[in-house]
Structure formats: C-alpha cells, structure tokens
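One structure is given here, and the rest of the page talks about it.
Chain letters run A, B, ... following the sequence lines, proteins first and then strands; every chain starts at 1. A quick note: this is a predicted structure, and the numbers were derived from the prediction, not measured. Note that these values count all heavy atoms, side chains included, but never hydrogens, waters or copies made by symmetry.
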Amino acid sequence: MARPTLLLIDGNSLAFRAFYAMINQVDRFVNSEGLHTNALVAFNNFLDGIVEPFNPDSALVAWDAGKTTFRTGKLDSYKGNRDKTPTELTEQFPYLREMVTLHGIYSYELPNYEADDIIGTTAKEGQAAGYDVTIVTGDRDMLQLVDEHVEVWITKKGVSEVEHNDLAMVAEKYDGLTPAQIVDVKGLQGDTSDNYPGVAGIGPKTAIKLIKEYGSIQGLYDHIDELKANKQKEKLVNGKEDALMSRDLARIRTDAPVTFTLEDLKYTGPDYQGLIKFYQKLDFRQQLAKLANQGHVAGQPEPDVDGASGNQPQANAQKPINLKPMLLEDVANLPNFEDEISVYIELDDKDYHLGVPVGFVLGNETDGYVVSRDLDLLLSEPVKQILENSDIAKHVFDAKSIFVVLERYGIALAGVNDDVLLMSYLVDTNDNSNDLGALAQQNDYFDVQTDESVYGKGAKYAIPEDDDVFFNHLGQKARALNMLPAQLLSQLEEREQTDLYKTMELPLSFVLADMEINGIKVDSQQLLAMGTELTNCLHELEQSIYAEAGHEFNIQSPKQLGVVLFEEMGYKPIKKTKTGYSTSVDVLEQMQDVPIVADILEYRKLSKIKATYVDGLLRVIHGTDSKVHTHYIQTLAQTGRLSSTDPNLQNIPARTEEGRSIRKAFVPSEPDWYIVSSDYSQIELRVLAHISGDKNMQAAFNADEDIHADTARRIFHLDDDAEIDPNMRRKAKAVNFGIVYGISDFGLANNIGVSRKEAKEIIDTYFQEYPGIKQWSDNIIEFAREHGYVETLAHRRRYLPDIHAKNFNVRSFAERTAMNTPIQGSAADIIKIAMLHVQQALKDAGMQTRMLLQVHDELIFEVPENELEQVHTMIPKIMDSAMQLDVPLKVSTHEGKSWYEAK
DNA sequence: GTTGCGCCC
DNA sequence: GTAGTGGGCGCAACC
C-alpha cells in the first residue's frame, strides 16, 4: 500500500524568494489600501501551481517566529550581516499566514526556533510514522534532511518551479557524501549568508574532499596529526573551534518542542469562499477571475462597515436566472417590459458589419430574460417595438455594434441608457476589454464568464449547441449588464465624468455608428491599376537588387537582407536589434552611397504600399456597395483618441506622392458629389498654449502667426521681422513636436541632427522663451505623482501608476505620458465635441452631406455640389467653436473629386 | 504569437 | 547615470 504523503514548506524561505523574484514589480502590486502584494501573488501562484496539484494527505507551512533563536544565543552574529527585511515584505507576512490557512494548510511557528527546525522535527516524526515526506524550501542547507522517505525540493525561478532532490541527487552533488555529512561540510566551509565562519581559508571543494576522506569533522580532527604539515593543516588546527560551532549552527534540529501532532496537519484543500473574500481584499483580480471560471462564486458580501463606496464587490446574489427560451411562435408570450432591460446580441463574426445574430437576450430581473437563437424572433414586430422604444431604457455592452447590426435589419435601436463598455473605459482606460465577462471581472463582478472560456478560441471557437450552456451564458451577461451600471455611474460621478459620458462619449458612439454604416466608396478599378503598376516596378527593382547582390533572396526578410548587406557584401552594421542586424530606414539612409540600398528603400516603400494599401484595401471592400466600412474603436487609446481597424482608415499614406496616390481611390459614393476635408491647424500646440497658460505662445496664436517661425525666432535669437530660413523652421517645428511628446536633449539631437549639447541649449532657451510651458510641465508631473493620474479638459482621466516606479526608464516614460496625455487627449475631446455638433447641424439643416471619417485632427465628408459652399463655411465654424480656449482654434477645408484632391 | 518594419496624426 | 518624443494598425517573416 502506498505511503501517505506529508508536505512541509519553509514559509520564510519561500516568502523571501517570492518577494525578490518580483522585486521589479514591487510598486506595481499594491492593493487599494496601499499594501504591497508581490510576495503574496507569487506565493499564491506557488500554492496553486505546486501544492494543489501535489494534493498531499497532510501539509504544514513553518515560519520563523522572530529574530532571536537558540542559534543567536550561540553566536551573536548569526545571520547578522543580513539587510533589514524590507517593510514592503514584512507587511505581507500576516497575510501570507492567513493565505496559507485559507488554502487548507496548517501554519505554524515556534518561538526560539527557525522554520528549518520545525520542518526537521516534523520530517523525522513523519518518516517514522510511515509518511513519504516532501520538503519545499529555497535553502540548500535543508538537503541534510534527505533520507529514504524524505525528498527536498529546492525552488527555482523564484518559486514557480522546483528541483527534486532524493538520496541519489545528494550523492551526485556532494561527490558521494550522505545528507547527514552536509553539516560537516558546512561546518568547515562556513556560510556567508547565515554569517557563521567555518574554517578560515577552507572552501566548498576542500571541505567536501576532507569530509569524504575522514567521514566527519570529528573524524578529521581525530586524525589531524596524520596530515602533512602545510598551510592547510595550520588553518584546520586554528579553526577547530569555529568548525565545531559552525557545524552546530548548520545542523537542523529534529527535536524541537513542537505542540502539534501529525493528525493536526491533515490537508483540507482551499476554502474557496474564504479565499474569494481574501482575494477581494488584496485586489487579486486574476485569481478571482480564475475562481469564477472554475465555478466558485462569491457568497453574500459582508456589510459595508468601513463605509467605503464605489469599488466594492457586487452583491452577486446567486439566485437562478429566470431564463425564458423562446422561438418566433412564442412571441405572444413576451413579457411586457416597461422600464429597463439589458440587451445583448451574439454574432457569428467579429465584424459586426457582416456578422449575423446567432443568439440574443433581453430582459431584467423582474420580468425574466428572454433568450433565443431565433433571428426571426429578434426581427419580429413586438421585439422591434421594444428595441425602438426610447422609453424602455437599455443597458448594453458596446452600443455601437448593436446599433450597426440592428440597422442592417431595419431596426433603429433607441433608449440606450448605459453602455457598460464605455463607462468602464472612462473610469479607467485600462479596463477596456472587448469581452463582457473580462470587463465584468475587472469591475469585481464574477458571475459572468469570458466568451473564451465558454466558446473557446481560435479554431476551437464555437457557439455551444447545448441550449442550457449557451442561454445561461447569455443570461449571465444580461444580468451583469443590469448589475454593473449603478456602480460604474457612481464612479463616473466621483471622477466628475458624468458629463463626459452622457453628453460626449455615449452620443458619439451613435455618430460613429452612422459614419461606419455610411462607409466610404473605394474605386477598386483604380486600386487594381495601381497594383499592376506597382507589381511591374517591384519586379524591376527585384531584378536589379538580385544583380547587385549576386543572387536571389527575400528582400522582405530583414534577416536575409541583413546577411546580404552585412555579411556577404561586408558593409558595416550601424545598428542591431535584439535578433540581429537592423535594416530599418534610418540605418539604410546612412548607407545612401551603396547602390543596392537606394533600390532596397524604394522596394520597401512600394511593397508596403502594395501589400497594405492596394491589396489590403481590396480585401475589405464590400461587394454590395463598393465601400469600406471601418470599425472605430472608442475604448482603446489611452489618451481618448479613436482608433480604426478593418480597415484602418487613419493611416492612409499622405507623406510621399506614391503613397498619397492611394487617396485617389477614395471617392464620393454619389455621382457629382465631392470629398471635403476639414482639419484643425496645430490643434495640439494650441491646446498646449491654452492649458499651460504660456503668454508668449498664446500671443503668437492670437496674432495668427506661423508658430514654428515664431519659435525659430525665439530659440535662435532672431529679430521679430527676420527672414526664417526653411532649415531653422524645420528645427523649430521638431522642437515644438518634441515638447508635446516630452522630449529630451538626446531625442531632439537625433531628430534635427545637432549635438546633444546644442540640443540641450535649444531646449533651455525654449523653456526660457516659453516659461509657462516649463512651469506647466513641472506641475503636471507633480500632479501625477500626487494623484496618480492626469486629466484632459473634458475630465478624461489616465492613471499613471508608473510615475512612482523605481526604474528610471519606466518612470521617465510615465512622466512623458503625464505631459502628452492632457495635450493629445484634450485635442481628442475637442474634435469629438465638434463631431457631435457637426452631425446635429447637418441634420437640423436637412442637408445631404455625410460625415465619413475622422483622422484625429481632420474630418472627411462627402458633399453634394449644391451644399459645397455651405459646408465650407459651416463646418469650420462648428469645429473652431467646439471648445472655448484662450487661443483661437483654426480650421481649414479643401474639396476635390477624391480624398487625394481634397488636400 | 512575436518581431521588425512602416504607415498615419 | 540610466534611455533617449506621444498615440495607433497591419503587413510579412519567423518561431
């Protein structure tokens, strides 16, 4: 019969390992009350990843009881050279003990003894009682306890892996010695970390050799006279007392007066309810999510005794969901929803412009939740009336996607009160998961699982055939949509973001929906013609590159190109990446005199245009209307900007003529209409002039001066009316951009090709000339340090935990972000407000003009000829008055028969 | 899935 | 002294 198992864990050793394994992260793991949790996280991973799978019959975690033990009584300096344990770790010890107990493991400490001795004693006792004993520690000295039924596991890589040591392993490591002889080796060798001396001048090699020869320290000194008279003998004779004392200190006790019995150590496994509360206290969201996905759910929460509000876990009453599976024929039995409902629609494609509903849920706690796979039910007149009834408040996740889907079926979603995705993003821009389950978990609601855990991912992704599984998941989503808004709304209120949400972001989502639905027409014939031309050019370039290289290779492979240039052709590598030679533009541009390089640069440029813009765009043109329908992501960019995907219409080439030609393919969708673009001039610098309050920069904008020329005059000390040569203006422009991004002398030097010293002087002069900007940038960084976040003009908030990072780079990055985010984010606020006003004005004026695209500081429209004049006056007026700043906003418009011409 | 590169504002 | 301007998306190659 198999022997029962006993697991003995060295708590202190593992806690130290856990702490130092994640020392870089120490400031990233702090709970809402300021408690550091890095060691707790790593220790918990150890308990989950190693202890739980091991599933011992009995288990114990032993702790050191305090600083003084019987060993310090024998040697004052024992462990005396250790640095004081950081407070970031000591504060975690009480929680470590609690965590161990919650995992169902006996936790024990004994005054005057170290954890080692508790373990040594228990190991001996357990072995005698017939257990297979396993000891886990980071301390190699414990190897002395290895025996026939005792293994010692030493932690590796922090505490995430262990190395198993049995008798054979010890024999291998100690050249055939037994575990019991390790203390004799340590006695001779000493230990610097525990600070006991051993014999001066004897290291591990000699120690092992001597013990192997004489069996023990005692044996060695019994035969000391037989040793050759030399330095070594002298050392040994002089060090005898130290050797015996050190041996005594190294010896782990097996007779500590422990007060438990083996019976007490029965391993009971985790107390999940207790752990949930514990994890909530520690803000262990991942652990909570994991428990939720394993089916462990939170019980009733404790009364809110400390009065803290806002971020408390939800009361996830686990009463069963009142699910009402329905088909079209049951439509007469629809509940009579009166005030508010959750709506969620599952699609068969992540592209909501094409996806078809494969399931949906609507309902509330009172009337129950209607769930169905029946598209005809979703489109039926009674359901349509509910969805279009603006008096029935809807709670949704990603209003824009639902609006777009329903619009395709002729249903105009109305009454959307709350979009949980938007709310969560505004509260914390990091909580922007495009999965409701994940997002709910980020907001401390754990009853709804992620789509990935229910549907699978990649090739295995599938909507469950089992109605119970699928409908229950939908029901949980709908319930989460009912539960989450109250909490999120109060958090928005706390952050003064209610306006931002209700009057900007939520209405904007429907404007964006209109823009996406409209789409923009792309002339595929034009693209195909360009494609053919590009293919020919690329083929020619290819041939000449092969000729110069002497053979064919993949020019698009940075790896192969690196070999050709820097090995075969023998040019000097200028820069390296972590995987090899860098072949980026700035490297190649420094090699202009090499004939092959010009061709390679040209090849790169053209193949980028062909692959990304010609072929890429052709792939996403809808066959039904010859248009592309982008997806604006409203909840991704950390600054509040939009992003655009499938296709990305915010990075269509503009800089080079060849690239810009792509814009010729973007045309109006109606005959005789025009494309009009309308863009803000210097919006970010104007925002900077406003929020910094710098009088000089404000004066330049108020006088409608060329800001880069003004800056050039200032930083190069020129007269007010001096001619500005283009090179000076270029440098000044680079400085202005650099300031917006939080530049350094190094970065600027690189950018404008001056020495670092000159760059530093330029920056110093800049700050002297625009003192308000210097003042503001210092202030905003200070604000971020004090509050942990920065804000835009519209109270959009970005948290910057890294502002306190110990690592210089990480912290510097956060400081630049602290400067850039209010600037970039406020510019985003402004154009969003403008878009709302524009859409409203077009509607109020009964115009046909349609807003199609937003590219951060510009809006693109398609306009019938008879509205052109009106558009050119109306749009700039709306845009430049979107927000009242201390400097004017400037907007210019352009028209043409394509996006290319509208410049 | 990650890396290198390159496109946009 | 550190590294060395912010925010995005997508392609091809490579692992």
List the protein contact pattern of nucleotides 9-15 of chain C with one symbol per nucleotide (5' to 3'): B for base contact, S for sugar-phosphate-only contact, - for none; contact means a heavy-atom distance under 4.0 Å.
BBSSSSS
Could you give the CZ-to-P distance, from R641(A) to dC9(B), as a whole number of Å?
10 Å
State, without any angle test, whether D419(A) and Y501(A) hold a side-chain donor-acceptor pair at a distance under 3.5 Å.
no
Whole-Å distance between dT5(C) P and I739(A) CD1?
13 Å
In whole angstroms, how far is the C1' atom of dT5(C) from the CG atom of L685(A)?
13 Å
State whether R655(A) places a side-chain N or O below 4.0 Å from either non-bridging phosphate oxygen (OP1 or OP2) of dC7(B).
yes
Before you tell me yes or no, could you show the steps for Q543(A) and H539(A) under side-chain contact (heavy atoms from CB on, under 4.5 Å), namely the whole-Å CA-CA distance, both residues' side-chain angles and the distance that decides it to 0.1 Å?
CA-CA 6 Å; Q543(A) 293 312 313; H539(A) 188 69; 3.7 Å; yes
Measuring only the P atom in each nucleotide, how far is dG4(C) from dG4(B)? A whole number of Å is fine.
14 Å
Figure out the OH/P separation between Y603(A) and dG4(B), and round it to whole Å.
20 Å
In whole angstroms, the gap separating P of dG1(C) from CG of N807(A) amounts to 17 Å
Once hydrogens and angles are ignored, does a donor-acceptor distance under 3.5 Å link the base of dC5(B) to the side chain of R604(A)?
no
Any heavy-atom pair between the side chains of N736(A) and M697(A) that's under 4.5 Å?
yes
Closest to the H856(A) side chain, choosing from dG6(B), dG7(C), dT5(C):
dG7(C)
Identify whether the distance between the nearest side-chain nitrogen and carboxylate oxygen of D615(A) and K610(A) falls below 4.0 Å.
yes
N or O in side chain of R798(A) less than 4.0 angstrom from dG7(C) OP1/OP2:
yes
What is the distance, rounded to the nearest whole Å, between atom CD of Q854(A) and atom P of dC8(B)?
17 Å
Base, sugar-phosphate alone, or nothing: which one does G747(A) contact when heavy atoms must sit under 4.0 Å apart?
sugar-phosphate
Worked verdict on F767(A) versus I773(A) for side-chain contact (heavy atoms from CB on, under 4.5 Å)
CA-CA 7 Å; F767(A) 281 140; I773(A) 292 178; 4.0 Å; yes
Report yes or no: is there a donor-acceptor pair, N or O only, under 3.5 Å between the side chain of N751(A) and the base of dT5(C)?
yes
Taking dG8(C), dC9(B), dG4(C) as options, the one with an atom nearest any side-chain atom of Q638(A) is dG8(C)
Euclidean distance, atom CD1 of residue I609(A) to atom C1' of dC8(B) [Å, nearest integer]:
13 Å
Scan F813(A) against the nucleic acid and name what it touches under 4.0 Å (heavy atoms): base, sugar-phosphate only, or nothing.
sugar-phosphate
Interatomic distance where NZ belongs to K757(A) and C1' belongs to dG4(C) [whole Å]
19 Å
Selected nucleotide, minimal atom distance to S584(A) side chain, candidates dC8(B), dG6(B), dG4(C):
dG6(B)
Show me the pairs that pass salt bridge (charged side-chain N to carboxylate O under 4.0 Å, His left out) and involve residues 630-641 of chain A, at least two apart or across chains.
R641(A)-E684(A)
Of all pairs that satisfy salt bridge (charged side-chain N to carboxylate O under 4.0 Å, His left out), the ones with a partner from residues 823-835 of chain A, not counting sequence neighbours:
E505(A)-K832(A), R796(A)-D829(A)
